[in-house]
Amino acid sequence: MNAVQTYLNQRNDEEPTCAYVYDLHQLRQHAESLKASLPDSCRFYYAVKANPDCPLLETLEPIVDGFEVASAGEIEKVSAVSEKSMIFGGPGKKDREIEAALESNVEYLNVESFHELHRINYLAEQKGVTAPILIRVNLSENVSDSHLRMSGVPTQFGVDERDIPPFIEQALASENVTIAGFHFHAMSNNLDAEAHVRFVEACLDKSAAWRERFDLDALVVDIGGGVGINYWNPSQPFDWDTLAKGIAELDSEDVQLIIEIGRYMTAACGSYVTEVLDVKRNHGQNFAVIRGGTHHLRLPAAWKMSHPFHVLAKEEWNYPFLRPGIERDDVTIAGELCTPNDVLVRQEFVERLRAGDLVVFEYAGAYAWTISHHEFLSHPEPEILYIDEA
Ligand SMILES: Cc1ncc(COP(=O)(O)O)c(C=O)c1O
């Protein structure tokens, strides 16, 4: 039985169904198989921003080598469940956060600008410590054509590749930082595994060239995350084996590779289950309105896409009048908010969909609940369930 079915079997609430269901067993197995596919020398981190829920962190803790964190809040959440290494990144670090990083199990701080380098050096000096840093590089090229890019294009992230030589000189002249390596997180939701391998190769080449030119003992090459979920066509997923094989071939004793996976780690363990409240026709198109919406699962609105879903038929119908529904037709699935932007599925085919049926949105375990605008319209929050059954 899958986690959603387990939840539905134990549910006895009169209100329409609306829940996030996390399958911790699936998450454990998935993370273990990703870890096993990588060479032992490649450190396998979880990027907490994808989903910081405590049961997910606890499930991943024995498997991963560490956590990528992006705020003092994430440092706290990880510290509550693990003593493993953390890497602290993010373009807007506050002094208090840098101090929190220096006082916790943060092994490396990403440095994203000259000003941030000065601040980290200054705060480390105040504390009488030396901060190991990774220089976050905004590459000039060699970044695959993925959904969102943080690098290879003008963004707020990292140090422009052209400025890396003076940046290294500045870091070498800063007494309270030590350059541990380079950080290259560059893209989000990349679906092209071969392009990802070429990107890893470029990261390694660039790092080797800077190491040699400045005689650095900076072994770490952090390739970030960015492995994608094919929301548009889940039957053709990212080819992880090609990436893992590529990493194994490129890995060498001269470097310490780190990969920080977010979306690809947790997306598949989460489902967002909602009940259809109404089915109607408007200007020649079918609409199903669900209990819930983009205030719980914002991703399809943010990316203007149809989120993958399936229908769970519910035969029970207690009203003494006709049940609205459609058969073998296209439907737009909208939420309960008072905005036409509250759309999760745009004109997709369904065999049948009726008021009272359930819609299960898959791949809702990453960048889903936590990136959504929960307060808008003051509807009740979804139930949140963690199921851990083989
Ligand atoms: C520095 C850093 N590392 C890793 C990740 C994880 O990326 P993804 O969830 O695409 O794997 C992110 C996400 O934004 C990030 O900012």
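Pairs engaging residues 334-344 under the side-chain hydrogen bond (donor to acceptor under 3.5 Å, both in side chains) rule: Arg291-Glu336, Thr294-Asp342, His295-Glu336 [sequence neighbours left out]. For the salt bridge (Lys or Arg N to Asp or Glu O under 4.0 Å) condition, the pairs that include at least one residue of residues 306-324, sequence neighbours left out, are Glu275-Lys314, Glu315-Arg352, Glu315-Arg354, Arg323-Asp357.
With a 6.0 Å radius and a threshold of 12 heavy atoms from other residues, nucleotides or ligands, Asp40 has its CG atom at or below the threshold. When the shell of 6.0 Å around CD of Glu76 is examined, it contains 12 or fewer heavy atoms from other residues, nucleotides or ligands. Gln10 CD: more than 12 foreign heavy atoms inside a 6.0 Å radius. Shown here is Glu194, whose CD atom has no more than 12 heavy atoms of other residues, nucleotides or ligands within 6.0 Å. Remark: Asp217 CG is loosely packed, at most 12 non-hydrogen atoms of other residues, nucleotides or ligands lying under 6.0 Å away. In the displayed structure, Tyr319 atom OH is contacted under 6.0 Å by at most 12 heavy atoms of other residues, nucleotides or ligands.
Of the candidates Ile229, Val227, Asn230, Asn189 forms a side-chain contact (heavy atoms from CB on, under 4.5 Å) with just one, namely Ile229. Exactly one residue among Arg43, Lys84, Lys35 makes a salt bridge (charged side-chain N to carboxylate O under 4.0 Å, His left out) with Asp65. That residue is Lys35.
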Give the table of side-chain donor-acceptor pairs shorter than 3.5 Å for residues 243-257, with sequence neighbours excluded, one pair per line with atom names and distance.
from: Asp251; atom 1: OD2; to: Ser41; atom 2: OG; distance (Å): 2.2
from: Ser252; atom 1: OG; to: Asp254; atom 2: N; distance (Å): 3.2
from: Gln256; atom 1: NE2; to: Ser41; atom 2: O; distance (Å): 2.9

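A salt bridge links Lys127 to Glu103: at least one charged side-chain nitrogen sits closer than 4.0 Å to a carboxylate oxygen. Salt-bridge formation is detected for the pair Arg328/Glu351: a Lys NZ or Arg NE/NH1/NH2 atom is positioned less than 4.0 Å from an Asp or Glu carboxylate oxygen.
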